[in-house]
Trainee: 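Got a structure for you, questions after.
All values below were derived from every heavy atom in this structure, side-chain atoms included, with hydrogens, water molecules and symmetry-related copies excluded. In what follows, every chain begins at residue 1, and chains take the letters A, B, ... in the order their sequences are listed.
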There are 2 protein chains.
Amino acid sequence: MKIGELSTLTGCSVQTIRYYEKEHLLPKTQRSEGNFRLYDDASVEHLLFIKRCRSLDLSLSEIRQLLELRYSPNAPCDEVSHMLSSHINHVRARIEELINLEDQLASLLHSCPSQGTVKKCEILKNLTATQKIMS
Amino acid sequence: MKIGELSTLTGCSVQTIRYYEKEHLLPKTQRSEGNFRLYDDASVEHLLFIKRCRSLDLSLSEIRQLLELRYSPNAPCDEVSHMLSSHINHVRARIEELINLEDQLASLLHSCPSQGTVKKCEILKNLTATQKIMS
DNA sequence: TTTAAACTCTCTAGTCACTATAGAGTCAAG
DNA sequence: CTTGACTCTATAGTGACTAGAGAGTTTAAA
């Protein structure tokens, strides 16, 4: 199959597929006479693996490592879980940050009744004056 | 004061300050005879405002808008709270996404005892075979 | 007075994971 | 035989910086 079909089968855009090839996440394929990339079922599989990893927010370089492991059947598998658990730690840390942010933003929003003019806006005052926000 | 002092006073790097100027978040300053940027207390204030907004994850273009409002004392202040509440919605949506992600990653991690080799690794199998992860 | 260190200047390129475009070539149907 | 859909490569843009080169300026010590 050509790149367009791979694209519709996997839901990755054509440009993204070419980009993955350039980044060595996909191996270079055979080409047709007219220099079109040719793919097979294994390519679909391979690309879907990448897509699932991306949907878990793994970086391309993490995925590259996973792909290497995937094709090294006798490697110890704890590398895989190690990577995943460090990744989950990042995610958890980011969640903490965002929840904190949400609190700050909510306090800031409550601090101003949103009537009147900017001159008296408590939000802008709070952004100007202090790191702490009074709610 | 020169840019280095502004940098230490605000905790923004020198490059970042110059970048903000280029992006019109900071006005162009006076220059010394030797072409060094010269700042005053108002600059510190201004930059700290930007920094606080960044710490709330507001984008530079959102901050540009806030700065405009800040210097338009008679503008209605609900633009400010409107921007903030749409921002908080983004933050909340992102938190939802990340919590979902965390669940998926945790299931994936649990699916493999992390002993043995890649060949039998349930994590890789789950990443390969299906979108759903068995825990 | 010299000179060395520390600071500043502009300009350019790199980061990440794409996305968008230009301009050219290939292929299948009408 | 031409139109339209597809594909190719190469380049530039996104956001918010960060890093570096290479040059000029200022300040302090020798």
Side-chain angles (χ1 to χ4, degrees), chain A residues 1-26 28-40 43 46-67 83 87 90-91 94 97-98 101, chain B residues 1-26 28-40 43 46-67 83 87 90-91 94 97-98 101:
Chain A
M1 75 188 75
K2 286 180 291 179
I3 200 168
E5 192 177 347
L6 182 62
S7 172
T8 53
L9 281 177
T10 59
C12 295
S13 78
V14 167
Q15 300 102 296
T16 299
I17 295 170
R18 291 198 277 245
Y19 173 71
Y20 285 168
E21 182 184 308
K22 192 161 74 89
E23 296 295 310
H24 306 294
L25 286 150
L26 290 172
K28 292 211 170 188
T29 56
Q30 283 184 285
R31 297 291 182 115
S32 71
E33 281 190 13
N35 199 32
F36 289 4
R37 289 171 180 84
L38 296 176
Y39 298 98
D40 56 18
S43 312
H46 190 106
L47 188 47
L48 284 177
F49 180 90
I50 295 171
K51 208 190 169 198
R52 271 174 218 123
C53 291
R54 283 297 297 138
S55 79
L56 297 172
D57 238 15
L58 293 163
S59 70
L60 295 192
S61 95
E62 286 173 316
I63 296 171
R64 247 189 303 266
Q65 291 170 59
L66 282 182
L67 284 169
M83 172 184 304
H87 183 67
H90 285 303
V91 172
R94 186 63 184 148
E97 276 178 31
L98 286 181
L101 206 55
Chain B
M1 75 188 76
K2 286 182 289 178
I3 199 167
E5 192 178 346
L6 182 63
S7 171
T8 52
L9 281 177
T10 59
C12 295
S13 78
V14 167
Q15 301 103 294
T16 299
I17 295 170
R18 290 199 278 245
Y19 173 70
Y20 285 168
E21 182 185 308
K22 191 160 76 86
E23 295 295 311
H24 306 295
L25 286 150
L26 290 171
K28 292 211 170 188
T29 55
Q30 283 182 285
R31 298 293 182 112
S32 73
E33 281 190 13
N35 198 32
F36 289 5
R37 290 170 180 84
L38 296 177
Y39 298 96
D40 56 18
S43 313
H46 190 106
L47 188 48
L48 284 177
F49 180 89
I50 295 171
K51 206 189 171 200
R52 272 175 218 122
C53 291
R54 283 298 296 140
S55 80
L56 297 172
D57 239 13
L58 292 163
S59 70
L60 296 193
S61 94
E62 287 172 317
I63 296 172
R64 247 189 304 267
Q65 292 171 58
L66 281 181
L67 284 170
M83 172 183 303
H87 183 67
H90 284 303
V91 171
R94 185 63 184 149
E97 276 178 31
L98 286 181
L101 205 56

Trainee: Let me know the distance between NZ of A:K22 and P of C:dA17, rounded to the nearest Å.
Mentor: 13 Å
Trainee: Can you check the B:E23 CD to D:dG13 C1' distance for me, whole Å?
Mentor: 13 Å
Trainee: Could you pick out which residue, A:E33 or B:Y39, lies toward the 5' side of DNA chain C when each is mapped onto its nearest nucleotide?
Mentor: B:Y39
Trainee: If the cut-off is 4.0 Å, is B:T16 near the phosphate of D:dT18, judged by side-chain N/O to OP1 or OP2?
Mentor: yes
Trainee: Which part of the nucleic acid, if any, lies within reach of A:R37 when heavy atoms closer than 4.0 Å are counted: base, sugar-phosphate only, or nothing?
Mentor: sugar-phosphate
Trainee: Can you check the B:R31 CZ to D:dG24 C1' distance for me, whole Å?
Mentor: 13 Å
Trainee: So, applying side chain to side chain contact (heavy atoms under 4.5 Å, CB included) with A:L25, which one of A:L67, A:I17, A:L47 is it?
Mentor: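 Exactly one pass, corresponding to A:L67.
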Trainee: In whole angstrom, give the distance that lies between atom NZ of A:K51 and atom C1' of C:dA17.
Mentor: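 Between C1' of C:dA17 and NZ of A:K51: 15 Å.
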Trainee: Measuring from B:C12:SG to B:R18:CZ, what's the distance to the nearest 0.5 Å?
Mentor: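 One finds 13.0 Å between SG of B:C12 and CZ of B:R18.
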Trainee: Out of C:dT19, D:dT18, C:dT8, which has the shortest distance to the side chain of B:V14?
Mentor: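 Given the options C:dT19, D:dT18, C:dT8, the side chain of B:V14 is closest to C:dT8.
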Trainee: State which of C:dA17, C:dT21, D:dC8 makes the closest approach to the side chain of A:Q15.
Mentor: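 For A:Q15, the side-chain atoms sit closest to C:dT21.
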Trainee: Quick one: do A:M83 and A:Q65 satisfy side-chain contact (heavy atoms from CB on, under 4.5 Å)? Show the steps, please.
Mentor: CA-CA 9 Å; A:M83 172 184 304; A:Q65 291 170 59; 3.3 Å; yes
Trainee: Going by heavy atoms in the side chains, are A:Y20 and A:I50 under 4.5 Å from each other?
Mentor: yes
Trainee: Does A:S7 use its side chain to pair, donor to acceptor, with the backbone of A:I3 at less than 3.5 Å?
Mentor: no
Trainee: In whole Å, I'd like the distance from the OH atom of B:Y19 to the P atom of C:dA13.
Mentor: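 The answer, rounded to whole Å, is 17 Å.
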Trainee: In terms of the nearest nucleotide of DNA chain D, which residue is placed more toward the 5' end: A:N35 or B:L58?
Mentor: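 Nearest nucleotide further toward 5': that of A:N35.
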Trainee: How many whole angstroms separate atom CG of A:L47 from atom C1' of C:dC18?
Mentor: 14 Å
Trainee: If you check every side-chain atom of B:R54, which of D:dA16, D:dC8, D:dT18 has the closest atom?
Mentor: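 So the nucleotide nearest the side chain must be D:dA16.
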Trainee: For the side chain of B:Y20, counting heavy atoms from C-beta on, which of D:dC17, D:dT18, D:dT9 is nearest?
Mentor: D:dC17
Trainee: Measure the distance from CG on A:L60 to P on C:dC16 and round it to the nearest whole Å.
Mentor: 9 Å
Trainee: Of the nucleotides C:dC9, D:dT18, D:dT9, which one has an atom closest to the side chain of B:S13?
Mentor: D:dT18
Trainee: By nearest heavy atom, map A:S32 and A:R64 onto DNA chain C; which one lands nearer the 5' end?
Mentor: A:R64
Trainee: I want to check one thing: is the phosphate of D:dC8, taken as OP1 and OP2, less than 4.0 Å away from some side-chain N or O of A:R18?
Mentor: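 For D:dC8, OP1/OP2 do have a side-chain N/O of A:R18 under 4.0 Å.
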Trainee: Which nucleotide, D:dT26, C:dA17, D:dA16, lies nearest any side-chain atom of B:S59?
Mentor: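 Among D:dT26, C:dA17, D:dA16, the one nearest the side chain of B:S59 is D:dA16.
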Trainee: Take atom CG of A:L6 and atom P of D:dC8, then tell me their distance rounded to the nearest Å.
Mentor: 11 Å
Trainee: With the side chain of B:F36 defined as its heavy atoms from C-beta on, choose the nearest nucleotide among C:dA17, C:dT19, C:dT8.
Mentor: C:dT8
Trainee: Under a 4.5 Å cut-off applied to non-hydrogen side-chain atoms, are A:M1 and A:D40 in contact?
Mentor: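 Heavy-atom side-chain distance check fails, nothing below 4.5 Å.
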